[in-house]
Protein chains: 2
Amino acid sequence: MVLSELDRGSVVPLYYQIRQHLLEQIRTGLLKPGQPIPSEQEISEQLSVSRMTARQAVKSLCDEGLVYSERGKGTFVSGIKQEKNVSQLLSFTQEMKAHGARVHSRILSLKAVSSDAGVSAALRLRPGEKVVRLKRVRLADSVPMGIETSYLPFERFANLLKTFNADTSLYQTLADQYGIHMHAADEAAEAGLVTAQDARLLGIRAGSPVFFFTRVSYLKSGRPIEFVRSIYRGDRFKIVNRLTHQSNLDSGWRRKYAQ
Amino acid sequence: MVLSELDRGSVVPLYYQIRQHLLEQIRTGLLKPGQPIPSEQEISEQLSVSRMTARQAVKSLCDEGLVYSERGKGTFVSGIKQEKNVSQLLSFTQEMKAHGARVHSRILSLKAVSSDAGVSAALRLRPGEKVVRLKRVRLADSVPMGIETSYLPFERFANLLKTFNADTSLYQTLADQYGIHMHAADEAAEAGLVTAQDARLLGIRAGSPVFFFTRVSYLKSGRPIEFVRSIYRGDRFKIVNRLTHQSNLDSGWRRKYAQ
DNA sequence: AAGTGGTCTAGACCACTCG
DNA sequence: GAGTGGTCTAGACCACTTG
């Protein structure tokens, strides 16, 4: 039997307990790719929860792509491994630490400047409106990986000029000092050649291949808070992406529609 | 009033009708970013559906990031625009057509070969096992954009050698001839410099910056079906990504946990 | 015919936010 | 205290798959 008991006094919702239990079975390989997980009926009966609760547990795993349901057949473990840190909003610090690297930064400059057209458009500011500009070299295990230039609205973040600390993550500072949490970001990457000046900062030869990134980060409300331009070494960096087929909401009635 | 009537005889589920109606209000700007959408209670009463059904409609929009819920306050329109074709599994053909370009390909070679280590690992084949290799130059509006080399297990796709047509999309062919639909893919991109030989095929100068991609595509079951290595022009290509904060399943009880 | 997931109902209690 | 979303129940009918 793959189902354990529930803690009905816990603050952790029942569906979440069930979900975590199934997750563990999958992670440990007790439930293998292609194998069916217990049906919603089974979960419901054996744990004495309503079917909707069992369903909610299964649905949450389904949404994350760990299992997939086939109408009339059952729900099966997907063989697609869960990549971590893929298409997730992570700071450079988080990302590098996840790879086990010691991270730090060197601040090249931190001051208030007028926004150029790109910055004011991205942050939805008036053209030329003041922004805080933070330019840093990012290092992993003391090796320069990239150069990041962040722009934030001066009006809201003027304090950063005094309080920002080179040893902390910008995201951490925004969370601690302003209670701000990024919800999403749009990132674009281009391939190009590094200039002589940037090459010196990165410790590579002029003309080496690099990534040029831009990123706009948003709050839940959709308000853009941070715009970043960065340059990362092509020899040290790789963009990894999990693409998914908008599995959406179909299975049943769409078929009828087509026929 | 923002809610319209439901078609209770339709094969389209009620929650989906509600969802689409709200979606339209958002898309047309009738519901603006930051504004609350009707509460689950309101939807439930005014459309005479159960609250769970109303909730399902709202939840689906929430999952896609179009709206966000705040406990005790309400559900609000997110100002984050829905990017299309971001982190979605699209073929080159789909992707380019979405940008309004006329697409075609030139086949450089199509034959059965032994898999090298990279290919056999990606497709989970025995080392050296035969694969179908399809090498194409991809053009948008007659401009060469990239060179793609696809590898598929020979055992299953030997027929492609005879039947594949330069004018169709590979994904389309897999769908039509084999009933195969990709469910997810892992893609990695590196920045590098193009070789003289590839430069000729792409119509650019040797040493120009390019993207090197690898991609493994999977079925729902997790079985890898296609491995692709490709080279795309750095001056014509941009990688666009929507990163999201794993909004997940929290809001309520996690807070208690922390306290 | 039996079992599965997809949808739906009509209630319920809770924690939370706001005025 | 009124309104909100988060969780949960105990049923129901349906379309679909498989034996």
Side-chain angles (χ1 to χ4, degrees), chain A residues 6-20 22 35-63 67-77 220 247-259, chain B residues 6-20 22 35-63 67-77 220 247-259:
Chain A
L6 298 175
D7 177 359
R8 297 192 99 98
S10 169
V11 293
V12 179
L14 295 179
Y15 83 90
Y16 199 85
Q17 293 183 42
I18 299 168
R19 172 208 140 87
Q20 291 301 80
L22 290 171
Q35 284 185 351
I37 69 172
S39 74
E40 295 170 359
Q41 187 72 249
E42 275 174 1
I43 297 173
S44 160
E45 285 171 3
Q46 294 183 15
L47 299 182
S48 301
V49 297
S50 80
R51 196 190 134 203
M52 287 299 273
T53 300
R55 184 171 172 72
Q56 193 176 1
V58 173
K59 179 70 162 37
S60 76
L61 294 173
C62 202
D63 287 345
V67 303
Y68 58 97
S69 296
E70 298 198 351
R71 158 111 80 162
K73 291 165 83 172
T75 301
F76 307 86
V77 179
K220 269 200 304 188
S247 68
N248 242 357
L249 329 112
D250 35 359
S251 25
W253 55 276
R254 269 192 204 286
R255 217 170 278 190
K256 279 203 240 165
Y257 238 31
Q259 283 164 1
Chain B
L6 299 176
D7 177 359
R8 298 193 98 96
S10 168
V11 293
V12 180
L14 296 178
Y15 83 89
Y16 199 85
Q17 292 182 44
I18 299 169
R19 172 207 141 87
Q20 290 303 81
L22 290 170
Q35 285 185 351
I37 69 172
S39 74
E40 296 170 359
Q41 187 72 252
E42 275 175 2
I43 297 174
S44 160
E45 285 172 2
Q46 294 183 15
L47 298 182
S48 300
V49 297
S50 80
R51 195 188 137 205
M52 288 298 275
T53 300
R55 184 170 171 73
Q56 193 176 0
V58 173
K59 178 73 162 39
S60 76
L61 293 173
C62 201
D63 288 345
V67 303
Y68 59 97
S69 295
E70 298 198 351
R71 159 110 77 160
K73 290 165 83 174
T75 301
F76 306 87
V77 179
K220 269 201 304 189
S247 68
N248 242 356
L249 327 115
D250 34 358
S251 25
W253 54 276
R254 270 192 204 285
R255 218 171 278 191
K256 278 203 242 167
Y257 237 29
Q259 282 167 1

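In what follows, every chain begins at residue 1, and chains take the letters A, B, ... in the order their sequences are listed. Note that the structure is a prediction, hence the values are computed from the model and not measured.
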Worksheet item: Distance from Phe76(A) atom CZ to Lys220(B) atom NZ, nearest 0.5 Å?
Response: 9.5 Å
Item to complete: For the side chain of Glu40(A), starting at C-beta, report the closest nucleotide among dT9(C), dG5(C), dG5(D).
Response: dG5(C)
Worksheet item: Does Thr53(B) place a side-chain N or O at less than 4.0 Å from the phosphate oxygens OP1/OP2 of dT9(C)?
Response: yes
Worksheet item: So, do Gln46(B) and Pro38(B) sit near enough that their side-chain heavy atoms are less than 4.5 Å apart?
Response: no
Discussion item. Which residue is it: Thr75(A), Leu61(A), Val77(A)? I am looking for the one with a side chain to side chain contact (heavy atoms under 4.5 Å, CB included) to Leu22(A).
Written reply: Leu61(A)
Practice prompt. Rounded to the nearest angstrom, tell me the gap between atom CZ in Arg19(B) and atom P in dC8(C).
Written response: 14 Å
Fill in: Closest listed nucleotide, where the reference is the side chain of Arg8(A) and the choices are dT7(C), dT9(D), dC14(C)
dT9(D)
Practice prompt. List the steps, then state whether side chain to side chain contact (heavy atoms under 4.5 Å, CB included) holds for Val49(B) with Arg55(B).
Written response: CA-CA 10 Å; Val49(B) 297; Arg55(B) 184 170 171 73; over 6 Å; no
Fill in: Short side-chain N/O contact from Ser39(A) to OP1 or OP2 of dT4(C), under 4.0 Å
yes
Worksheet item: Relative to the 5' end of DNA chain D, which residue comes earlier, Leu14(A) or Lys73(A), by the nucleotide with the nearest heavy atom?
Response: Leu14(A)
Worksheet entry | Phe76(A) CZ - dT17(D) P separation (whole Å) | 12 Å
Item to complete: Nearest 0.5 Å please: distance from the CZ atom of Arg19(B) over to the CD1 atom of Ile43(B).
Response: 13.0 Å
Discussion item. Would you compute the distance between atom CD of Glu42(B) and atom OG of Ser44(B) and round it to the nearest 0.5 angstrom?
Written reply: 10.5 Å
Worksheet item: So does Ser50(A) get a side-chain nitrogen or oxygen closer than 4.0 Å to the phosphate oxygens (OP1/OP2) of dG11(D)?
Response: no
Practice prompt. Looking only at side-chain atoms of Gln41(A), point me to the closest of dT9(D), dT4(C), dT7(D).
Written response: dT4(C)
Discussion item. Whole angstroms only, please: what is the CG-C1' distance between Leu61(A) and dG5(C)?
Written reply: 15 Å
Worksheet item: OP1 or OP2 of dG5(C) less than 4.0 angstrom from a side-chain nitrogen or oxygen of Arg55(A), does that happen here?
Response: no
Fill in: Among dA15(C), dC14(D), dC8(C), the nucleotide that comes nearest once only the side chain of Arg71(B) is considered
dA15(C)
Worksheet item: What is the distance, rounded to the nearest whole Å, between atom CD of Glu42(A) and atom C1' of dG5(C)?
Response: 13 Å
Worksheet item: Got a donor-acceptor pair under 3.5 Å from the side chain of Arg51(B) to the base of dG6(D)?
Response: yes
Fill in: Val49(B), nearest nucleotide to its side chain (from dG6(D), dT7(D), dT9(C))
dT9(C)
Fill in: 5'-most by nearest nucleotide on DNA chain C - Thr75(A) or Met52(A)
Thr75(A)
Item to complete: Would you classify Val58(A) as touching base, sugar-phosphate or nothing, given that sugar-phosphate means primed atoms plus P, OP1 and OP2, and contacts are heavy atoms under 4.0 Å?
Response: nothing
Discussion item. Nearest whole Å is fine: how far is dT7(D) P from Leu6(A) CG?
Written reply: 15 Å
Worksheet item: Could you state the NZ-P distance from Lys59(B) to dG6(C), rounded to the nearest angstrom?
Response: 14 Å
Worksheet, complete the sentence: Rounded to whole Å, the CG-C1' distance (Asp7(B) to dC8(C)) equals 16 Å
Worksheet item: When the distance from CD of Gln56(A) to P of dG5(C) is rounded to whole Å, what number comes out?
Response: 16 Å
